[in-house]
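Since the structure comes first, as structure tokens, the remarks are kept for the end.
Whatever order the structure lists them in is the order used to number ligands and atoms, beginning at 1. This structure is a prediction, so every number in the text was calculated from the model and none was measured.
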Amino acid sequence: MEIYDIPLNSEWLKVFEDEGIRYLYPPQEEAIKKLFSGKNLVVAIPTASGKTLIGYIAILRAFKMGLKSVYIVPLRALAMEKYEELRRFEKFGMKVALAMGDYDSPAGYLKYYDVVIATSEKMDSILRHDLEYAYNLGVVIVDEVHLLGEASRGPTLEMVISKIRDVNDEAQIIALSATINNSQEIAEWLNGEHVYSEFRPVPLRLGVYYDDTLLFEDGEKVEIKHDAINIGNLVRRSIELGGQVLIFVNRRKSAESLAEKLRRRVEGYLNEEDKNELYALSDSIMEEEYTIYSERIAKLIRHGVAFHHAGLSNRHRSIVERAFKNKWLKVIVATPTLAAGINLPSRTVIVRDVTRYDGFSSVYIPVMEVKQMLGRAGRPKYDKYGEGIIYARSEKRAHDYMEMYIRGEIEDIESQLSNESALRTHILALIASDMINKEEEIFEFFKKTFYGFKMPVENLERKIERILDFLEEYEFIKRKRLLLATPLGKRTSDLYIDPYTAIIFRKCYEHNFDIFCILHTISCTPDMNPIRAKRSELEELFSLAYTHELAIDEFDVDQDTFFGALKTASILMDWIAETSQDKIIERYDIGPGDLHGRVELTDWLLYAFGEIGKVLHYPHIRNVENLRLRVKYGVKEELLPIVSLRGVGRVRARRLFDSGFDSIEKLKRANVSTLIIIPGIGRKLAEEILKQVK
Ligand code: ADP
């Protein structure tokens, strides 16, 4: 089937042709034919086999009929990607919005858009604020629906789908999935059609590598001598065959050290163009804002290798991705976060580690995740086939991995909704958004979820009872004839925080608190993700606990959280004392990505902390607002008036302040020539500052 055979405006379809899509892949054809029936649809096909197109066609079909759609994705980076792609249709009058902003922002304006792209958490928060939004929807695309089975994000996704269906059973749900075993079951749950295919546009050859042997699934053996770093020659073989290599390891440190070790083995394969481009990128890294990774990344990419993990800054991550997409970079050594994110195909994928540390011991990574990594192999249009190889330390293990991961079946996905913390949050949300007012209705609602589709909801009875008791005891709901949320309950739900977070906040308000205590409290909540404390740091952290009066003690939360929160609070204290980013990163052995991630979360949770304080009528809110701004910008209080100027930031604000420009008033009296003598302030920025203050 040709793209122009789809019964839509040919001008719209030309957008796809321009991208290189002329003929539909067989599963795309099947799915697109089915979606035109208007029924719900579950499409399970391998990674990189063109699921997105199916979603876009459904959106265009809705647009043609004057219906609205949403595209729900798991990550913000993916939302950005889809947004940029869908904006290609704006010239045909389609209004496209990326639902951004924090979880407490009003959502009413979104109903004026034809397509809204949101993460599942954002969509959930939209529905909490404005359930009516769901009435207007014609089509709902759910990307990566197999994430229903993931403990941390699954429940939210399941609730979003269930809520939309509960409010508006006319909306067509198009769920896109990896090839999981029980996708048929999801289709039955959604009462929809099912398309399953293992078709891949670029065939994938899977194999294992051990000792000196690369053994493919079909029995073919290739001799490749292993070297001091085991996979060095395997990597070289792939590059010699004309491809790039993506290697997955289980720890950040391993990603960094393996990339270092591969340097000498890869550099010989760079041609002049590669070198020119990589050198230019390397120089640009050194000219920009410095992080501890700047030098290492800048140095490594000159040799055609890089590492990639969540500790890198966004900027560095995107440079590495771009250099790889352009084929200048030959090898990336990454942690699995990369497999879940952006589309970055490579001819060869090597999974070096199939185990990971789960906090207690080393465990095998699920088949689903390993297949997802291996499935990244093969670049459409460039490669005749891709190679996905698992490294094993012995022949015995190699055979085990072949059975387990290559020939083995992907695990069925199971609903994660029965998790107590998820239930607590979502039951409160159902009551607070007035979807449910009676206890029986909770059961009715859960019958319609994926959980309820597979299991008798009576299994949840005791848990739900306990949760209602808990919500009542802590004054989130009133439970008389009807279930009603209190102002605290409503605010907690709208703020998109766990009720337990609100309880921890309250405990802090009841305490006589200082800044350290607030930051520690915030870091103890289930909505934070405190930086893990190392064993060697425990003693120091323990004494720190004694020098402060903390609101949350070792009995309120588990030990890991308690100490992690102490470490996180210390990091944040250094941050707002204007300690340089490098120093913080070095002192605590973390990455810039870790620091910025926590700053962003703390900014959000301090807002929530202040809001909960308001509902409970506690004083001191002003101090909390100031603290929030200090965390946001990483400054001492005295810089607050000037740091929020566009283009200024913590370092320049300090320089301005120390040069005597310590208030907006003083800046008003400044001129370009007095400002440009301050290091880091050029003419353009000086003009920009003056424009803002005047
Ligand atoms: P996924 O299934 O992982 O969502 P994508 O939708 O991102 O995969 O598709 C991967 C790549 O394949 C994209 O670059 C897309 O442009 C391309 N593609 C999709 N369908 C076709 C097609 N029918 N012909 C050629 N290229 C296609």
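Atoms of ligand 1 lying under 4.0 Å from any heavy atom of Lys51, numbered from 1 in the order shown and given with element: 1 (P), 2 (O), 4 (O), 6 (O), 8 (O). Residue Gly20 approaches ligand 1 through these ligand atoms, each under 4.0 Å from one of its heavy atoms: 25 (C). Numbered from 1 in the order shown, with element, the atoms of ligand 1 that lie under 4.0 Å from a heavy atom of Gly50 read 1 (P), 2 (O), 5 (P), 6 (O), 8 (O), 9 (O), 19 (C). Taking a cut-off of under 4.0 Å to the non-hydrogen atoms of Tyr23, the atoms of ligand 1 that pass are 22 (C), 23 (N), 24 (N).
Across the listed options Arg379, Arg376, Glu85, Glu19, Glu19 owns the non-hydrogen atom lying nearest to atom 16 (O) of ligand 1.
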Candidate pair Arg153 and Leu75, rule side chain to side chain contact (heavy atoms under 4.5 Å, CB included), full reasoning: CA-CA 11 Å; Arg153 342 262 303 274; Leu75 298 169; 4.0 Å; yes
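Between Val305 and Leu329, the shortest heavy-atom distance links the atoms N-CD1, 3.7 Å. The two residues Tyr269 and Lys330 make their nearest non-hydrogen contact at O-CE, 4.1 Å.
The closest donor-acceptor contact from the side chain of Glu158 to the backbone of Phe450 lies under 3.5 Å. Side-chain N or O atoms of Glu411 include one that pairs as donor or acceptor with a backbone N or O of Val367 at under 3.5 Å. Looking only at distances, no side-chain donor or acceptor of Gln244 sits under 3.5 Å from a matching main-chain atom of Thr348. Counting only distance, with no hydrogens or angles, the side chain of Gln416 and the backbone of Gly149 share a donor-acceptor pair below 3.5 Å.
Once rounded to the nearest 0.5 Å, the distance linking CD1 of Ile161 with CD1 of Ile72 reads 7.0 Å.
Of all the heavy atoms of Arg22, none lies under 4.0 Å from any atom of ligand 1, so neither backbone nor side chain is involved.
The closest protein non-hydrogen atom to atom 5 (P) of ligand 1 is Thr52 OG1, 3.5 Å. Shortest contact from atom 25 (C) of ligand 1 to any protein heavy atom: Tyr25 OH, 3.3 Å. The protein atom (non-hydrogen) at minimum distance from atom 11 (C) of ligand 1 is Asn343 ND2, 4.4 Å. With hydrogens left out, the protein atom closest to atom 20 (N) of ligand 1 is Gln28 NE2, 2.9 Å, a heavy atom. With hydrogens left out, the protein atom closest to atom 18 (N) of ligand 1 is Ile21 CD1, 3.8 Å, a heavy atom. Among all protein heavy atoms, the one lying closest to atom 1 (P) of ligand 1 is Ala48 N, 3.4 Å.
Counting only heavy atoms, the protein gets under 4.0 Å from atom 23 (N) of ligand 1.
Using cut-offs of 30° and 60° on the angle between ring planes, the pair Tyr364 and Tyr401 is perpendicular.
Checked against a 3.5 angstrom limit, the closest N/O atoms of Leu53 and ligand 1 fall outside it.
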